There are 2 protein chains.
Amino acid sequence: MSGTSDLWEPPEIQVAVDIVILTMRASVFHVLLIERGEEPQAGTQALPGGFLNNKWEGIYDAALRELKEEADLDASGLHVEQLAAYGEPGRDPRGRVLSVAYMAIAPGLPEPSAGTDASDAAWVPVEDVLSGKVSLAFDHRQIVRDAVERARSKLERTSLALAFCGRTFTLTELQHVYEGVWGCSLDPRNFYRKVQNIPGFVEPAGSVRRMAAGRPARLFRAGGGTVLYPPMVRPVPTES
Amino acid sequence: MSGTSDLWEPPEIQVAVDIVILTMRASVFHVLLIERGEEPQAGTQALPGGFLNNKWEGIYDAALRELKEEADLDASGLHVEQLAAYGEPGRDPRGRVLSVAYMAIAPGLPEPSAGTDASDAAWVPVEDVLSGKVSLAFDHRQIVRDAVERARSKLERTSLALAFCGRTFTLTELQHVYEGVWGCSLDPRNFYRKVQNIPGFVEPAGSVRRMAAGRPARLFRAGGGTVLYPPMVRPVPTES
DNA sequence: GCCCTCTCTTGTAGATCTGACAAGAATGAT
DNA sequence: ATCATTCTTGTCAGATCTACAAGAGAGGGC
């Protein structure tokens, strides 16, 4: 279109992936951050990620590889979905870099995530990132914001909340997921009823589990459905 | 990480943008397609799009440029948002191409979109694309599917539906947007009441408009709010 | 003019859902 | 045994949704 001749070749750009790994630890919503070891911004907290290994590596494959290399998490059993591409010029001082962000949901505390190859990895409360108490490299705070908003939204109409839980879970655990991600508190009794009234969301697993004190909770497993109808509606978003 | 020396340089990849332009024409949900003039897949229908002009062009800027070049649409007044990145190897026979897809919402029939520079452009019913009646180049059908799903979902909780309408509109027009995008029919009387009960969604514009026959409809304009609460819930998604 | 048709708008009644809370059930701690 | 704790079941008033009746305002045919 620009009148250049047949010889024109499209520009080529460095492509990276970044991963927002979300989980629930002790009923608090956490994101995994690593401390950058290299310039630029060495020492700052950042999302795990990196450049494609070679010109033919798939971006989804690259995300899974970084998940393993930097967070020592196995992709199987994790929910991984693409978020968006962040590629405005100027976002990376090294040059023109287009980064494809992924969101991964991990079930509760499988490992402390340190002591492995990913020694600089740490779970940080999402709230600390959103509020700016912890500052992140590049535009990673915006990426986390987008991931959190995506998760909040998908909790309403899909069974994404189950990805935060293990194979079996109690409804109280599930409630803590909703409360942690949405940043609100819900009535346990109404939550109990509502969740069980959504066909295909959860089904009883027969057993019970003791948590701390009190009556043991029944265990549930995923009901197989992925879309929730009726949806779980979160309480009024921004109060006047 | 891979043990290669300091000399390692990340691979570089061609980056393109593709745009899913959605609109409502005669109460039918349409997407803009162009006929490819060049190989590969010359003659096939495809989404408007193309490579970045140069290494420093922003991807959002590139999307707006393609919108102008290929669809002759001005970005001002259009809702444009990023969808996702499509970059698995093998999606383009020319080589490794990563394409960032955008979704644009255009208000009703501003022009027939032909007779301009974008002479090969045509509005095609979304249903024909989703059903496979019209086949698209590359993975563009998947991109359209994702765009439609995004639009369907955002209609519930955001005022995105207004982007399909002009500055003023009747509630029946708005209803046709919901019906067309969701692919269902709604009760006009309940729709009327529900829309007006959502604070900040629409506000009366004072005037009235004759459509064809029957009582003239009151005109409304956007109410300024972007998030709908309570949400517009679409009827049962997949019937059993 | 007068009726008819068409579409927009308001109203109403029953079913359903929500939100707040009481109270019973099952365990561990004292 | 009693208490504290947590899970689970009920209840009930108010809000919301759905389906439908009916009125309001315009044009067209006779």
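Residue numbering restarts at 1 for every chain, and letters A, B, ... go by the order of the sequence lines. In this text the structure is predicted, and so the values were computed from the model without any measurement.
- For the ring pair (Phe, Tyr, Trp, His ring centres under 6.0 Å) test, residues two or more places apart in sequence or in another chain that qualify with B:Phe191 are B:Tyr178.
- Not counting sequence neighbours, A:His176 has no partner by the ring pair (Phe, Tyr, Trp, His ring centres under 6.0 Å) test.
- The salt bridge (Lys or Arg N to Asp or Glu O under 4.0 Å) search around A:Asp139 returns A:Arg91, not counting sequence neighbours.
- Protein atom CD of A:Gln196 is 11 Å distant from nucleotide atom P of D:dG10, rounded to whole Å.
- A search for side chain to side chain donor-acceptor pair (under 3.5 Å) contacts involving B:Arg152 returns nothing, not counting sequence neighbours.
- Scored by the side chain to side chain donor-acceptor pair (under 3.5 Å) test, A:Arg145 finds A:Gln142 as partners (sequence neighbours excluded).
- Residue pairs satisfying the ring pair (Phe, Tyr, Trp, His ring centres under 6.0 Å) criterion with at least one member in residues 197-225 of chain A, sequence neighbours excluded, are absent.
- In this structure, a donor-acceptor pair under 3.5 Å is present between the side chains of B:Asp146 and B:Tyr86.
- A straight line from CZ of A:Arg209 to P of C:dT27 spans 16 Å, rounded to a whole angstrom.
- A heavy-atom distance below 4.0 Å to DNA chain D is reached by these residues of residues 183-192 of chain A, ordered by number: A:Arg189, A:Tyr192.
- Among residue pairs with one or both ends in residues 190-205 of chain B, those qualifying as salt bridge (charged side-chain N to carboxylate O under 4.0 Å, His left out) are B:Glu203-B:Arg221; sequence neighbours excluded.
- Between the C1' atom of C:dG19 and the NZ atom of A:Lys194 lies a distance of 9 Å, rounded to the nearest Å.
- Between the CZ atom of A:Arg193 and the P atom of D:dC12 there is a distance of 14 Å, rounded to whole Å.
- Applying the salt bridge (Lys or Arg N to Asp or Glu O under 4.0 Å) test to B:Glu149 and every residue at least two apart in sequence or in another chain returns B:Arg234.
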Discussion item. Can you build the contact string for nucleotides 25-30 of chain D? Use B for base contact, S for sugar-phosphate-only contact, and - for no protein heavy atom under 4.0 Å.
Written reply: BSS---

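- Shown for residues 218-225 of chain A: no residue has heavy atoms falling under 4.0 angstrom of DNA chain C.
- Using a 4.0 Å heavy-atom criterion, one finds that B:Thr170 contacts no nucleic acid atom at all.
- Distance, B:Asn197 CG to D:dT16 C1': 10 Å, rounded to whole Å.
- Taking the side chain of B:Ala217 as heavy atoms from C-beta on, and the options C:dA20, D:dT8, C:dC8, the nearest nucleotide is C:dC8.
- Put simply, CD1 on B:Ile198 is 13 Å from C1' on D:dC17, counting in whole angstrom units.
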What donor-acceptor contacts under 3.5 angstrom involve side-chain atoms of residues 129-138 of chain A, with partners at least two apart or in another chain?
from, atom 1, to, atom 2, distance (Å)
A:Ser131, OG, A:Glu127, O, 3.0
A:Ser131, OG, A:Asp128, O, 3.4
A:Ser131, OG, A:Lys133, N, 3.4

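- Between A:Tyr60 and A:Tyr102, the ring planes lie tilted relative to each other; the angle falls in the 30° to 60° range.
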